[in-house]
Amino acid sequence: MTILVTGGAGFIGSNFVLEWIAATGEPVVNLDKLTYAGNPANLASLAGDARHRFVRGDIADVPLLERLFAEHRPRAVVHFAAESHVDRSIHGPAPFIDTNVVGTFRLLEASRAWRESLEGEARDAFRFLHVSTDEVYGSLGEGDPAFSETTAYAPNSPYSASKAASDHLVRAYHHTYGFPAVTTNCSNNYGPYQHPEKLIPLVILHVLEGKPLPIYGDGLQVRDWLHVRDHCRAIEQVLLAGRAGETYNVGGQAESTNLDLVRQLAAVLDQCFAKDPLLRRRYPRSPAGQPAGAASLIRHVADRPGHDRRYATSNSKIEREVGFRPEETLKSGLRYTVTWYLEHEDWWRSAMDGRYHEWMKKQYGGLVSF
Ligand code: NAD
Ligand code: DAU
C-alpha cells in the first residue's frame with residue numbers, strides 16, 4: 001500500500017507526510033516541484049527512510065504522473081500542491097492558473113486513467129483527496145453564519161478563484177465519471193514549517209529581528225485559525241471515512257481579528273523574552289533605547305486589494321460524518337508555534353533566502369521601511 005502526495009515539501013504537505021508516516025507507516029511518494037515555497041529541509045528527518053520517496057516534478061507533467069502511477073501503484077492521491085499566497089496572486093496570477101487549475105486538471109486526468117486501469121477492490125477503494133480552502137466562499141459580514149458546504153462560491157482573489165476552479169473540476173469528475181474524489185475546504189493554518197511570507201511566521205520572525213509588523217488596513221479582518229496538526233488529522237479521517245463526491249469544511253473554531261492575533265503573538269513573545277536572557281538581547285527597544293513590548297513594532301500599512309473581511313468555517317458536517325474536531329486552542333497553538341520557531345532558527349534562516357528578500361521588497365518595500 002502506498003499513497004501519492006503532491007506538494008509534500010510545502011507547509012501543510014510536509015506536516016502531513018511526517019505525521020502520516022509516523023502514524024501509519026504506509027509509504028508515501030511525494031511529488032513536489034520545489035517552487036520558492038517547497039523546502040526539502042522540512043523532510044530532513046525522513047532522510048534514508050525507505051517509506052518516503054521524494055520526486056521533484058510538476059503535477060502538470062503527464063508522462064511523469066503516468067510513470068509514478070505505474071511504478072508505485074498508489075491506492076490514494078492526497079493533493080496539496082498549489083500556489084498558495086493571496087498577495088503573490090495579486091502581483092502575478094499566471095502561476096496560480098498554471099498549477100492550481102491546469103495542474104489539478106492534468107493530475108485528475110492521470111489519476112482517473114490510473115483508476116480506470118484497476119479492477120475489483122483496488123478500483124473501489126481508490127480515493128483522490130483534494131485539499132482546498134474556505135476562501136472559495138468569499139467574504140462574510142460581521143453577523144453572518146459561518147461557511148457551510150452549501151454556501152455559494154464567491155472567490156475574490158486570483159488565488160481563491162483558481163482554487164474554486166480546481167474544486168469545480170474535482171466535482172465534475174465525480175459527477176461525470178464517478179471518479180471517487182473528496183474535497184476539504186479548510187481555514188487558515190498555522191504551525192511548524194510555514195513559509196515566513198504568511199502572517200503568523202512573519203510576525204514571529206520580524207519581532208525576533210526587531211522589524212516592523214505590517215498590518216493591512218485597520219487590522220479588523222477576521223480569520224479562523226486551524227493548527228496544522230489538527231488539519232492533518234482531519235485529512236486522515238476524511239481519507240478513511242469521507243464519502244466520495246462530498247466536500248467537507250475544516251475550521252479551527254478560533255476566530256480572531258488580525259490585530260488581536262498579532263497582539264496575542266506579541267504577548268507570548270514578550271513572555272519568552274522575559275524568561276530568556278539570550279533572547280532579551282534582541283528585545284524591541286523604544287527610540288530612546290528603553291525595552292518596549294513586541295506590540296510596539298505594529299505598523300498599519302495600505303490594505304490588500306480586494307481584502308476579504310471575514311472567514312468563519314462550520315465543522316458541523318465533518319464532525320457528524322467523520323468525527324473530526326480540532327484539539328488545539330488558539331492560545332495553546334500560538335504558544336507551541338512561537339516555541340517551535342524559537343527552537344528552529346536554522347530552519348527559518350535558510351527559508352529567508354534571496355527569493356524571500358526579493359518578495360519582501362516587492363510586497364512591503366513601498367509601504368514601510370524594513
Ligand atoms: P505551500 O505554498 O506552503 O506549499 C505548496 C507546495 O506545492 C510547495 O512545496 C510547492 O513546491 C508545491 N508546488 C507548487 N506548484 C507545484 C506544481 N506545479 N507541481 C508540484 N508541486 C508544486 O502551501 P500550503 O500552505 O502548504 O498549502 C497546501 C494546500 O492547502 C494548498 O492547496 C492550499 O491551497 C491549501 N490551503 C492552505 C491553507 C493555509 O492556511 N496554508 C488553508 C487552506 C487551504
Ligand atoms: O483561509 C485559508 C487561506 O489562508 C489559504 O487558502 C491560503 O493559502 C493561506 O495563505 C491563508 O490566506 P490568508 O490570505 O488569510 O493568509 P495570510 O497569512 O497571507 O494573511 C492572514 C491575514 O493577515 C489576512 O487577513 C491578511 C493579513 N496580513 C497578512 C500579511 C502577510 C497582514 O495584515 N499583514 C501581512 O503582512
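Atoms within each ligand, like the ligands themselves, are counted from 1 in listed order.
In this model, a donor atom of one side chain and an acceptor atom of the other lie less than 3.5 Å apart for D134 and T313.
Residues C232 and E19 come closest through the heavy atom pair CB-OE1, 3.8 Å.
Residue-level proximity to ligand 1 for S187 is carried by the backbone, the only part with a heavy atom below 4.0 angstrom. Within the 4.0 Å heavy-atom criterion, the part of Y159 lying near ligand 1 is the side chain and not the backbone. Here D58 has heavy atoms under 4.0 Å from ligand 1 in both its backbone and its side chain.
Every heavy atom of S14 sits 4.0 Å or more from the atoms of ligand 1. The shell of residues lying under 4.0 angstrom from ligand 2, judged by heavy atoms, excludes K163. Using 4.0 Å as the threshold, T6 has no heavy atom nearer than that to any atom of ligand 1.
Note on ring orientation: taking the six-membered ring where Trp is involved, the planes of F16 and F80 are tilted (angle from 30° to 60°).
Between G10 and ligand 1, an N or O atom pair is found at a separation short of 3.5 Å. At a 3.5 angstrom cut-off on N or O pairs, N39 does not count as close to ligand 1. At under 3.5 Å, a nitrogen or oxygen of S84, whether backbone or side chain, sits near a nitrogen or oxygen of ligand 1. For a threshold of 3.5 Å applied to N or O pairs, the pair formed by T99 and ligand 1 contains at least one separation below that value.
Short contacts between ligand 1 and S132, defined as distances under 4.0 Å to a heavy atom of the residue, involve ligand atoms 43 (C), 44 (C). Of all the atoms in ligand 1, the ones that sit under 4.0 Å from a non-hydrogen atom of T35 are 10 (C), 11 (O), 14 (C), 15 (N).
Both the sub-6.0 Å distance and the 45° axial angle are not jointly satisfied by R115 relative to the ring of F128.
Regarding atom 16 (O) of ligand 2, its nearest protein heavy-atom neighbour is N188 ND2, 3.4 Å.
For W340 and H344, the gap between ring centers is short of 6.0 Å.
Among E197, E83, Q363, the one residue that satisfies the side chain to side chain donor-acceptor pair (under 3.5 Å) test with R88 is E197.
Closest heavy-atom approach to atom 14 (C) of ligand 1 among the candidates A82, G7, G103, A81: A82.
Counting only heavy atoms from C-beta outward, the side chains of L261 and L330 approach each other to under 4.5 Å.
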